[in-house]
2 protein chains.
Amino acid sequence: MSATIKDVAKMAEVSISTVSRVINDSKPVSPEVRKRVLEVIDELGYKPNEVARTLVTKKSFLIGVIATDIGNSYVAQIIRGIEEVGKMYNYDILLCSSYGDKETELKFIQLLNRKQVEGIILISEIINEKVKEQIDQQNIPFVYLNKYFYMENVLTVSIDDLDASYEMTNYLISLGHKNIIYVSTHENEEYSLEKFKIEGYKKAIDEFGEGDELICFAKGCSIEDGYDIGKEVEDLVEKYDATAVFLSHDELAIGLINYFYDCGVKVPDDISVAGYGDIKISQILRPKLTTIKEPYYDIGAVAIRKIIKELKEEKFDKGNIKLPFQIKKRESCGKIQAE
Amino acid sequence: MSATIKDVAKMAEVSISTVSRVINDSKPVSPEVRKRVLEVIDELGYKPNEVARTLVTKKSFLIGVIATDIGNSYVAQIIRGIEEVGKMYNYDILLCSSYGDKETELKFIQLLNRKQVEGIILISEIINEKVKEQIDQQNIPFVYLNKYFYMENVLTVSIDDLDASYEMTNYLISLGHKNIIYVSTHENEEYSLEKFKIEGYKKAIDEFGEGDELICFAKGCSIEDGYDIGKEVEDLVEKYDATAVFLSHDELAIGLINYFYDCGVKVPDDISVAGYGDIKISQILRPKLTTIKEPYYDIGAVAIRKIIKELKEEKFDKGNIKLPFQIKKRESCGKIQAE
DNA sequence: TTGAAAGCGTTACCAC
DNA sequence: GTGGTAACGCTTTCAA
């Protein structure tokens with residue numbers, strides 16, 4: 001068994017109160033006594049038991065993070081942000097992976113609660129109505145992070161999707177593209193953020209574009225879905241003489257580029273492709289993907305900073321914190337030469 | 001404040017002992033009393049405080065994971081394995097990222113100790129002599145996971161690098177390649193696993209190859225390092241008429257393929273490239289990378305399963321658990337036609 | 001089958 | 001400046 005505060009007190013011949021004082025620097029202790037206690041602590045290799053501490057102080061210095069899957073690079077980036085900022089304030093991360101299951105999300109919220117976490121960050125990719133209910137029961141700082149769907153009456157951190165989509169479309173227009181296809185997803189699903197992205201795209205086409213609104217829907221948001229929509233996109237390209245495709249997720253864009261690669265269509269020479277997100281591989285792939293950088297790390301960082309602030313001020317906010325995005329101009333989108 | 005066991009006891013008009021018994025099913029409780037208690041628990045929304053529980057039972061159901069960086073996909077995969085198996089046994093993950101800093105690794109081992117984790121898994125990429133020392137002090141199940149270096153007298157989980165490297169080289173030989181370059185890394189560094197990989201490569205060349213041993217060293221293990229070694233590899237290819245390059249890490253292979261892409265050298269038509277690891281993007285890139293699959297998920301899964309077993313049996317092992325690997329035959333390596 | 005009480009390792013309050 | 005002690009929320013003897 002490792003040494004406890006009692007062992008230290010006994011060996012240093014002081015009371016446990018005194019030992020507590022020196023390890024916490026909470027009240028004045030005479031230099032000699034302090035020195036003696038410190039020596040004993042060192043000798044015994046005493047380390048305070050954080051569990052006991054938590055029990056009395058009610059501060060676990062634990063933040064629960066429920067993620068869909070840390071295998072997704074963007075999720076990992078968010079968690080990096082959470083963890084790194086958390087550590088600055090001595091907070092640690094209790095990690096749970098839901099793999100997109102609603103019941104699991106709910107179960108973990110309860111679990112984390114029992115483990116006395118001080119706040120919860122949920123990185124989700126689905127809509128789960130019961131989450132709010134569950135969270136409200138526990139009166140704990142909560143941040144909801146979701147690239148795909150929005151939830152009302154909770155605190156979220158994200159970029160302005162309408163604006164981002166608008167900017168990217170304008171960028172493509174500025175390159176000389178006239179007919180730009182937008183590949184969306186989650187067709188007709190409620191709470192989908194695609195609503196805003198499509199709006200941004202339409203707004204740009206409407207204001208500055210010369211061609212039509214060309215929109216199609218992928219089945220999902222994976223690389224495979226991007227590959228699978230390839231044929232449809234190709235048809236659209238031919239029919240409308242489109243020169244650029246803007247997809248609502250990097251994964252879709254990568255899948256489409258792979259499809260084009262397999263068909264012998266050259267990106268960006270034959271067609272330009274733009275993504276959304278700037279996930280890690282987007283900069284590794286050749287051609288490098290032109291995309292919108294969602295600042296995942298910062299999203300995580302802001303989320304936990306907000307939680308820590310709420311903990312301090314003891315008031316829990318709602319609403320959406322908007323972070324700036326960037327248009328990453330890389331190889332997959334080329335200029336159209338005026339004829 | 002949320003309800004405690006006392007609140008439940010009072011409201012159900014029983015003692016807290018009884019309440020404890022019903023929530024733990026530890027001792028017989030009469031049906032009527034049990035029912036009443038259960039009702040109150042439900043009414044109050046009572047959730048046992050795991051912190052208090054841990055304090056008395058000494059079981060935190062927490063496993064500490066110190067990782068270099070969960071942004072690396074292989075690390076994320078390992079953690080998935082850890083977490084998923086952990087959850088099967090009700091264990092949760094306390095995550096710490098070291099970003100490759102020795103002091104940070106040490107600091108986290110202590111921190112996790114204070115947080116009363118029941119075991120620690122360290123996913124490292126460096127050699128840190130003091131780790132063993134630190135761990136030995138705390139007498140706690142420990143697993144050391146490192147793709148790059150080995151440590152003696154600790155429990156590790158990995159594949160057999162000599163064997164894997166041997167198999168891959170043989171595969172390349174079987175494709176008809178005569179002069180095969182091996183790109184290593186960590187030149188002359190002690191405890192580097194490259195030792196075994198090089199040995200495997202040499203063994204295969206020696207037994208079945210027709211060409212010379214062609215070995216060069218990259219500066220590190222990143223994609224950039226793979227790109228940077230490109231020129232040297234190209235020279236070697238020309239000088240020895242090599243037709244295949246086997247690199248000790250997928251990242252290096254990807255960097256090299258990118259280098260070749262930028263030079264107009266076609267993979268696998270002009271040259272075959274093989275990697276090591278099978279990180280996530282290896283299957284996404286075009287051409288898809290031929291590589292050795294290190295079973296990251298399983299490595300994590302086995303690591304935690306071992307810890308849980310040690311916890312149960314109260315004996316801590318050392319040694320290296322070897323897991324099977326696979327040669328993933330994909331697009332980046334082609335056959336050499338007999339002339 | 002049930003309850004009282006000790007104890008887990010701390011902090012925090014109250015005396016001195 | 002220091003020590004004694006209640007309390008945190010729970011499990012676990014021990015008696016009844």
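Within every chain, numbering begins at 1; the chains are lettered A, B, ... in the order of the sequence lines, protein sequences first and strands thereafter. Just so it is clear, the structure is predicted and the values come from calculations on it, not from any experiment.
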From C:dG7, C:dT1, C:dG9, nucleotide with atom closest to B:V56 side chain: C:dG7
DNA chain C-proximal residues of residues 13-22 of chain A, any heavy atom under 4.0 Å: A:I16, A:S17, A:S20, A:R21
Take atom CG of B:N49 and atom C1' of D:dC10, then tell me their distance rounded to the nearest Å. 8 Å
Nearest-angstrom distance from the residue atom CG of B:L55 to C1' of D:dT12: 13 Å
Hits for ring pair (Phe, Tyr, Trp, His ring centres under 6.0 Å) against B:F61, two or more places apart or cross-chain, chain-then-number order -> B:Y91
B:D298 with B:R305: basic N within carboxylate O range, under 4.0 Å: no
Can you tell me if the side-chain N/O atoms of A:K6 get under 4.0 Å from OP1 or OP2 in C:dC8? yes
Among D:dC10, C:dT2, D:dT2, which is the nearest nucleotide to the side chain of B:V29? C:dT2
Side chain of A:R53 (C-beta onward), nearest among C:dT11, D:dT11, D:dC14: C:dT11
Rounded to whole Å, please give me the gap between CZ in A:R34 and P in D:dG3. 14 Å
May I ask you to decide whether B:E32 forms a salt bridge with B:R36, counting only side-chain N to carboxylate O separations under 4.0 Å? no
With under 30° as parallel and over 60° as perpendicular, where do the rings of B:H186 and B:Y148 fit, or are they tilted in between? perpendicular
Would you call B:K115 and A:E50 a salt bridge, taking side-chain N to carboxylate O under 4.0 Å as the test? no
Hits for side-chain contact (heavy atoms from CB on, under 4.5 Å) against A:N320, two or more places apart or cross-chain, chain-then-number order -> A:T156, A:S158, A:K322
Base, sugar-phosphate, or nothing: which does B:V51 touch, judged by heavy atoms less than 4.0 Å apart? nothing
